[in-house]
Amino acid sequence: MKYTEPMLREGALQGKTILVTGGGTGLGYSMSKYFLQLGANVVIASRKIEVLEQAASELQAETKGQVLPIACDVRHYTEVEKTIEATLNRFGNINALVNNAAGNFISPTERLSPKAFDTIVGIVLQGSYNCTLAVGKHWIAQKQPGVILNIVTTYAWTGSGYVVPSACAKAGVLALTRSLAVEWAKYQIRSNAIAPGPFPTKGAWERLFPPAVQDKINIAQKVPLGRVGHHQELANLAAYLISDYSAYINGEVITIDGGEWLNGAGEFNFLNQLPASMWDEIERAVRSANKTSS
Ligand code: HXC
Ligand code: NAP
């Protein structure tokens, strides 16, 4: 057995319908793929419908599972409500929500505009709240149990320079996780979170580790185990937390980072080492990521 291999037994998520925000790319895609392999139906929702449709057809071809792509900007509650309606129309049920959608980029805080903060907090915190509220209202009205899994970061509790809007937003999502773990337990709704260390994805790497930064730091060397994460090991953990095998886990945040945060809390504080003169070049590189699809 290796950490790169699927962990749960066949059919562990059979018959469940799981909504994964940001499920068309990166870690959301990898989690969705594994949920499908375990027998779930998956709804992938984010802004770019062409990216979602491409992902859905790849996922269906690879897993033979059922995938519904829906265009949804999680910042807008009405779009979230429509996503749930479309999910119920297609699959008749919804059993789990994975709040995975996020926006982030590195920048010295004093270079940010007020809108930069609104944008990141809007996607990460307001977006997670919107999805949680809409799905939770549905579960409570239907008197049915549910599972919420929030993808946060290790700097949700340590804070980190150079990603301040994201740190504030993820701290809020962690508070949401722990608050509802208690409040909604009476409805048999569990809330947990995963805090990943570095797992290579195009979206994160373009915005957080552009070439000028990678020239200065070896990301794997920040991790005591000396490597970055493998998507399957995160998908294994997510599937476990969604499944009934974790029925007594509620209000937990599980760190999967090879020991990175304990080795140097504040994941992007290392950017203090960069001279101020480098930030124009870095900002150009990071902004260019927004012109391509994530
Ligand atoms: C300074 C910037 C900036 C930059 C954007 N802004 N990029 N400011 N430096 N590099 C400012 C803009 O000028 C604008 O403010 C405001 O932020 C909103 O930017 P827009 O481009 O208009 O927003 P939008 O098109 O909605 O794009 C959102 C985005 C983008 C978050 C900026 O990066 C995106 O779509 N990201 C989605 C995918 C993603 O981020 N994945 C990474 C997740 S990784 P003004 O005032 O100028 O209008 C993660 C975990 C990290 O979260 C941990 C890893 C180890
Ligand atoms: P990613 O591929 O860029 O994923 C982000 C997703 O969010 C994209 O699919 C994007 O799709 C979606 N999204 C952005 N804004 C949205 C909005 N307003 N409404 C709906 N969807 C939106 O990056 P990733 O690395 O896989 O990140 C996935 C999650 O893991 C995030 O929560 C991130 O914070 C967390 N994380 C990642 C790492 C890592 O090392 N990769 C480490 C710690 C935590 P659209 O562009 O189509 O909207």
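Counting convention: from 1, in listed order, for ligands and their atoms alike.
Thr87 contributes atom OG1, which lies 10.5 Å from atom CG of Asn93 (distance to the nearest 0.5 angstrom). A distance of 8.0 Å separates CG in Leu234 from NE2 in His231, rounded to the nearest 0.5 Å.
Taking any N or O of Ser166, backbone or side chain, none lies under 3.5 Å from an N or O belonging to ligand 1. On a distance-only criterion, Asn290 and ligand 1 share at least one N/O pair closer than 3.5 Å. For ligand 1, the polar-atom distance check against Asn104 finds a nitrogen or oxygen pair separated by under 3.5 Å.
Contact annotation: Gly103 has no heavy atom less than 4.0 Å from any atom of ligand 2. Under a 4.0 angstrom heavy-atom cut-off, Asp73 registers as being in contact with ligand 2. In this structure, Asn100 is part of the shell of residues with a heavy atom less than 4.0 angstrom from ligand 2. Using a 4.0 Å heavy-atom cutoff, Asn104 is absent from the residues neighbouring ligand 2. Residue Arg47 places a heavy atom under 4.0 Å from ligand 1. Within the 4.0 Å heavy-atom cutoff, Pro198 counts among the residues contacting ligand 2. Residue contacts with ligand 2 do not include Gly127, since none of its heavy atoms lies under 4.0 Å from the ligand. Distances shorter than 4.0 angstrom do not occur between any heavy atom of Pro200 and any atom of ligand 2.
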With side chain to side chain contact (heavy atoms under 4.5 Å, CB included) as the test, would you mind laying out the steps for Ile194 and Val253 before giving the verdict? CA-CA 5 Å; Ile194 294 178; Val253 52; over 6 Å; no

Test side chain to side chain donor-acceptor pair (under 3.5 Å) applied to Ser246 and Arg190, step by step: CA-CA 10 Å; Ser246 62; Arg190 293 191 291 126; 3.0 Å; yes

What do the steps show when you test Ile44 against Leu68 for side chain to side chain contact (heavy atoms under 4.5 Å, CB included), and what is the final call? CA-CA 6 Å; Ile44 53 176; Leu68 176 64; over 6 Å; no

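Close contacts between ligand 2 and Gly26 involve ligand atoms 2 (O), 26 (O) [criterion: under 4.0 Å to a heavy atom]. Interface atoms of ligand 2 facing Gly22, defined by a heavy-atom separation under 4.0 Å, are 6 (C), 7 (O), 9 (O), 12 (C). Near Thr153, meaning under 4.0 Å from one of its heavy atoms, ligand 2 places the atoms 43 (C), 44 (C). Counting the atoms of ligand 2 from 1 in the order shown, those under 4.0 Å from a heavy atom of Trp205 are 40 (O). Counting the atoms of ligand 1 from 1 in the order shown, those under 4.0 Å from a heavy atom of Lys115 are 15 (O), 22 (O), 46 (O), 48 (O). Less than 4.0 angstrom separates some heavy atom of Val286 from each of these atoms of ligand 1: 10 (N). Within the listing of ligand 2, atoms 19 (N), 20 (C) sit less than 4.0 angstrom from a heavy atom of Cys72.
Within the set Gly203, Pro69, Ala102, the minimum heavy-atom distance to atom 7 (O) of ligand 2 is found for Ala102. Taking only non-hydrogen atoms, the option from Val152, Thr119, Thr201, Asn130 nearest to atom 24 (P) of ligand 2 is Thr201. Between Ile120, Ile49, Val124, Thr25, it is Thr25 that holds the heavy atom closest to atom 8 (C) of ligand 2. For atom 33 (C) of ligand 2, the nearest non-hydrogen atom from the set Arg75, Lys170, His76 comes from Lys170. The nearest non-hydrogen atom to atom 41 (N) of ligand 2, considering only Tyr29, Phe199, Tyr155, comes from Phe199. Closest heavy-atom approach to atom 22 (C) of ligand 2 within the set Ala289, Ala101, Ala195: this belongs to Ala101.
For Val163, no heavy-atom contact with ligand 1 is shorter than 4.0 Å. Residue Ser113 touches ligand 1 through its side chain alone, judged by heavy-atom distances below 4.0 Å. Of the heavy atoms in Glu260, none comes closer than 4.0 Å to ligand 1. Neither the backbone nor the side chain of Thr201 has any atom closer than 4.0 Å to an atom of ligand 1 (non-hydrogen atoms only). The proximity of Arg111 to ligand 1, defined as any non-hydrogen pair under 4.0 Å, does not occur for either the backbone or the side chain.
A donor-acceptor pair shorter than 3.5 Å cannot be found between the side chains of Gln126 and Tyr77. Side-chain contact of Asn272 with Tyr162: a donor-acceptor pair under 3.5 Å is present, judged by distance alone.
Within a 6.0 Å radius of NZ in Lys2, no more than 12 heavy atoms belonging to other residues, nucleotides or ligands are found. Remark: Glu5 CD is packed, more than 12 non-hydrogen atoms of other residues, nucleotides or ligands lying under 6.0 Å away.
A salt bridge is absent between Asp118 and Arg75; no separation between the charged side-chain nitrogens and carboxylate oxygens falls under 4.0 Å.
Aromatic ring centres of Trp157 and Trp261 lie closer together than 6.0 Å.
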